[in-house]
Amino acid sequence: MLLIPFIKENKEKVIKLLNVKNFKNTEILDNIISFDEARKSTQKKLDETLAKSKNIAKEIGGLFKSGKIEEANAKKAETGTLKELAKTLTEELALLKNKTTDLLLKVPNIPHESVPAGNSENDNETIKTVGEIPKLYDGAKPHWELTDKYDIIDFELGNKITGAGFPVYKGQGARLQRALINFFLDEATSVGFREVQPPLMVNSDSGYGTGQLPDKDGQMYHVGVDDLYLIPTAEVPITNIYRDTIVDAKDFPIRNTAYSQCFRREAGSYGKDVRGLNRLHQFDKVEIVVIEHPDKSYARLEEMSDYVQSLLKKLELPYRVLRLCGGDTSFTAALTYDMEVYSAAQERWLEVSSVSNFESYQANRLKLRFKDENGKTKLAHTLNGSALALPRIVAALLENNQTPDGIRIPKALVPYTGFEYIK
RNA sequence: GGAGAAAUGGCAGAGUGGUCGAAUGCGGCGGUCUUGAAAACCGUUAUGGGUCACACCAUCGGGGGUUCGAAUCCCUCUUUCUCCGCCA
């Protein structure tokens, strides 16, 4: 959520920047401001009423102590109207607060100044492209044929057991998954991330904390009997470790990494883009999450981007880095870099990582704060990124490294797979 | 699943109806002393709303209630602990 005082003081700027994200409903900002004004004046009235009742209660206490029972009982009568007034004001206040929060939840994060305007992926800005696009031999296949040929990922079997988008990894395919997970975790911990294993289900407070709720309600699997959500990314439980906390500024940057399975309903997706490993309901990902001082969050974002790129280099995959345009930047992010690897057989780029700075947008919902050098409590900045998501990495590895003799495993991974070729 | 007990500040732990936002100890921070440190001593040390700053208001697991007045009494939910059962 944006901070109301910030909206008030920078209204024109906020409107302008939200426009970059194609958010046009700017009268909502005026409503937020006026609801907040009403909230303040109601709060003031309530405080005054409560102060009066409190004083009378104290007086009555004193009278009872000194034995003036009759006077005390007479005083009691005075409190009736105050009580009623307080009740009405409390209800009004709660209503105003709810209305304000509801509206605030509908306002996306404002984008960073560097975010280009635009509506779709075509407007994203390519920052750099690294690596050679491989030339495949005649007869090279897309990954969904390779997985059959080598019997390593079984989509049909997943259909039978669960449904579309829940593949079964088998043999060398399963081993490759485990190798990638261990490789990514080892790399992350070696550059200073602490490894954690969070729950795969979260409550709705956590969902609101990181912004999946209410924005992406329909995209998460909801376990109704216990009112829990299957996580769409480990970002949710990891970041919520710090919900309702005041961290020590000396601990910045706070870096955590976790492997988790991720669950996404992907309602509304269809077509060739979802073929094979391109889009799954359950997939594996290693996530990195950083909590940082506001002054340093953008430097940290660059560092995280560099780190993700280092993984892609070690995996010998050609990739490009995009700065997402306003329309493609998520609801909660201020600036997002996407890393895409080139899939030679599909002849297209596949998104394998998103690295984002959320500034204080998540922190405000999370109540994630720190004390600055003057002892003032301030909101921290949160950042996260995939490092990396497995399915499309696997797709690209299979397609780009296919040879007539099998699929070559990149050198960096061989210690983890225990084999050099999938045959 | 059954029975019982409990939930208080960073931690430990008092407080069972009135000036309690809350004793005390530990820890943290600042100071005195010291060449420096330790010890000792003094001070300080929750969060949110509100204010230029005060005042003031809210918060003792969450929600509701009783009362002029609730950390304290009642209801409810959640969590934790102990015992029994069950499972590994």
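Numbered from 1 within each chain, the chains take letters A, B, ... in sequence-line order.
Projected onto RNA chain B by closest heavy-atom contact, A:Leu46 and A:Thr79 fall at different nucleotides, the more 5' of which corresponds to A:Leu46.
For the ring-ring contact (aromatic ring centres under 6.0 Å, His included) condition, the pairs that include at least one residue of residues 225-258 of chain A, sequence neighbours left out, are A:His222-A:Tyr229, A:Phe252-A:Phe370.
Going from atom CG of A:Leu50 over to atom P of B:C57 covers 8 Å, rounded to whole Å. Between the C1' atom of B:C57 and the CG atom of A:Asn55 lies a distance of 12 Å, rounded to the nearest Å.
Across all non-hydrogen atoms, the minimal contact from A:Val115 to A:Val20 is O-CG1, 3.7 Å. Across all non-hydrogen atoms, the minimal contact from A:Leu277 to A:Arg392 is O-CG, 4.1 Å. Here the shortest heavy-atom pairing between A:Leu350 and A:Ala395 reads CD1-CB, 4.2 Å.
By the 6.0 Å and 45° rule, A:Lys21 does not stack over the aromatic ring of A:Phe23.
Under the salt bridge (charged side-chain N to carboxylate O under 4.0 Å, His left out) criterion, A:Asp154 pairs with A:Lys170, not counting sequence neighbours. Every salt bridge (charged side-chain N to carboxylate O under 4.0 Å, His left out) that A:Lys378 has, sequence neighbours left out, goes to A:Asp372.
B:G28 and B:A46 are spaced 13 Å apart, taking the C1' atom of each and rounding to whole Å.
Once rounded to the nearest 0.5 Å, the distance linking CZ of A:Phe193 with CD1 of A:Ile238 reads 10.0 Å.
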Identify all pairs in which a protein N or O lies below 3.5 Å from an N or O of nucleotides 17-20 of chain B, and state each distance.
from  : atom 1 : to      : atom 2 : distance (Å)
B:G18 : N2     : A:Ala57 : O      : 2.6

Grab the N/O contacts between the protein and nucleotides 60-67 of chain B below 3.5 Å, and write none if there aren't any.
none

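Pairing for B:C87 is absent, judged as Watson-Crick or G-U wobble with the two contacts each under 3.5 Å. As the counterpart of B:G36, no nucleotide is assigned, since no Watson-Crick or G-U wobble pattern has both distances under 3.5 Å.
The local environment of CD in A:Glu121 is sparse, with at most 12 non-hydrogen atoms from other residues, nucleotides or ligands closer than 6.0 Å.
Among the heavy atoms of the strands, none lies under 4.0 Å from A:Lys367.
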Protein-to-nucleotide contact annotation, 5' to 3' order, nucleotides 45-50 of chain B [B base; S sugar-phosphate only; - none; under 4.0 Å, heavy atom]: --SSBS
